[in-house]
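Report on one structure; see the data block that follows.
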Amino acid sequence: MNKTIFEKIIDKEIPANIHYEDENIIAIDDINPVAPVHILIIPKKKISTLNEIEDIDINLVGKLFKIAKFLAKKFEIDKSGYRTIFNCNEDGGQTVFHIHLHLIGGKKLGWPPG
Ligand code: 5GP
């Protein structure tokens with residue numbers, strides 16, 4: 001199966017601006033930011049969509065939120081506020097089929113989403 005763009009970033013085949021990395025997770029700037037802070041927090045394990053999450057992934061997915069919290073503080077948006085989003089499949093607007101948590105902030109965000 002062809003690698004997704006995120007697998008290529010994880011494997012360092014293409015560059016990205018990395019803000020956090022450990023053996024299980026990488027966090028990078030979104031190439032097309034929608035706000036002053038737009039970071040993608042990506043598990044290195046290939047999980048295509050939220051629909052494929054299993055019990056064994058619960059700690060991993062929970063850690064994505066812990067890193068979101070850490071980065072929100074690092075980028076000083078923890079007090080002003082931010083949003084964390086998983087898009088799923090077509091209606092959810094998912095374009096890369098390797099789950100990733102968007103961390104978006106640094107400006108007042110609109111609600112509800114369209
Ligand atoms: P999705 O739409 O799947 O929730 O989010 C995919 C995100 O990946 C989009 O916000 C898009 O801008 C970002 N993206 C797509 N290709 C690349 C890339 O090559 N590098 C980086 N850093 N982000 C990318």
Side-chain angles (χ1 to χ4, degrees):
M1 209 161 123
N2 287 342
K3 285 184 175 181
T4 66
I5 198 81
F6 293 159
E7 287 171 282
K8 290 179 184 170
I9 288 171
I10 290 162
D11 291 342
K12 305 292 184 334
E13 292 171 7
I14 65 168
N17 192 20
I18 299 171
H19 293 297
Y20 175 90
E21 183 167 19
D22 65 25
E23 62 179 330
N24 298 314
I25 293 169
I26 190 168
I28 61 170
D29 276 331
D30 195 295
I31 205 168
N32 188 21
V34 299
V37 177
H38 188 171
I39 297 173
L40 304 171
I41 306 164
I42 308 167
K44 292 185 176 178
K45 177 179 176 182
K46 170 77 187 291
I47 303 170
S48 298
T49 80
L50 281 187
N51 293 332
E52 277 72 47
I53 287 176
E54 310 273 4
D55 284 352
I56 197 172
D57 303 316
I58 287 172
N59 280 345
L60 179 63
V61 173
K63 188 150 185 229
L64 302 179
F65 286 97
K66 192 161 179 210
I67 293 165
K69 171 189 141 173
F70 162 75
L71 291 172
K73 191 166 174 60
K74 180 176 173 185
F75 284 88
E76 300 181 333
I77 59 170
D78 53 325
K79 299 287 192 293
S80 54
Y82 56 90
R83 193 167 291 159
T84 52
I85 302 167
F86 281 106
N87 293 323
C88 183
N89 279 337
E90 190 179 349
D91 283 359
Q94 186 174 4
T95 57
V96 179
F97 288 86
H98 180 130
I99 63 164
H100 47 283
L101 184 63
H102 294 257
L103 170 65
I104 300 172
K107 71 170 191 181
K108 181 89 177 160
L109 301 169
W111 189 265

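For clarity, every value in this text was computed on a predicted model and none was experimentally measured. Side chains included, hydrogens not; waters and symmetry mates left out as well; all remaining heavy atoms used. Atoms within each ligand, like the ligands themselves, are counted from 1 in listed order.
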* Asked: Would you say ligand 1 has an N or O under 3.5 Å from any N or O of I14?
  ->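 Among all N and O atoms of I14, none is under 3.5 Å from an N or O of ligand 1.
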Is there a polar contact, in the sense of an N or O pair closer than 3.5 Å, between V96 and ligand 1? yes
**Prompt:** Does K69 NZ have over 12 foreign heavy atoms under 6.0 Å away?
**Reply:** no
Distance under 4.0 Å to a non-hydrogen atom of [X]: what atoms of ligand 1 satisfy this?
X    : value
H102 : 1 (P), 4 (O), 5 (O), 10 (O)
I9   : 20 (N)
N32  : 12 (O)

Report the nearest protein non-hydrogen atom to [atom]: residue, atom name, distance rounded to 0.1 Å.
atom                    : result
atom 22 (N) of ligand 1 : D29 O, 2.9 Å
atom 12 (O) of ligand 1 : D30 OD1, 2.5 Å
atom 3 (O) of ligand 1  : T95 N, 2.7 Å
atom 17 (C) of ligand 1 : I31 CG2, 3.6 Å

message = Checking side chain to side chain contact (heavy atoms under 4.5 Å, CB included) between L101 and each of L40, T84, I85, which is the one that passes?
response =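 Checked L40, T84, I85 against L101; only one passes side chain to side chain contact (heavy atoms under 4.5 Å, CB included): T84.
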Backbone, side chain, both or neither: what part of I5 comes under 4.0 angstrom of ligand 1, heavy atoms only?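 Contact part for I5 vs ligand 1: side chain (C-beta onward).
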Within the 4.0 Å heavy-atom cut-off, what I28 brings close to ligand 1 is side chain
Decide whether the shortest distance between a heavy atom of [X] and an atom of ligand 1 is less than 4.0 Å.
X    : result
H100 : yes
F97  : no
G93  : yes

Between I77 and V34, is there a shared hydrophobic cluster once you connect ILVMFWY residues whose side-chain heavy atoms come closer than 4.5 Å?
no
- If you group Ile, Leu, Val, Met, Phe, Trp and Tyr by side-chain heavy-atom gaps below 4.5 Å, do I99 and I9 land in one group? no
**Asked** Do the ring centers of H100 and H98 come within less than 6.0 Å of each other?
**Response** no
To the nearest 0.5 Å, how far apart are CD1 in I41 and CD1 in I26?
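Answer for the CD1-CD1 pair, I41 versus I26, is 12.0 Å.
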dist N17:CG -> I39:CD1 (nearest 0.5 Å) comes out at 8.5 Å
When you measure from the side chain of Q94 to the backbone N and O of S48, does any donor-acceptor pair fall under 3.5 Å?
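Answer holds: yes.
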Does a salt bridge link E21 with K12, judged by any charged N lying under 4.0 Å from a carboxylate O?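 Looking at E21 and K12, the cut-off is met.
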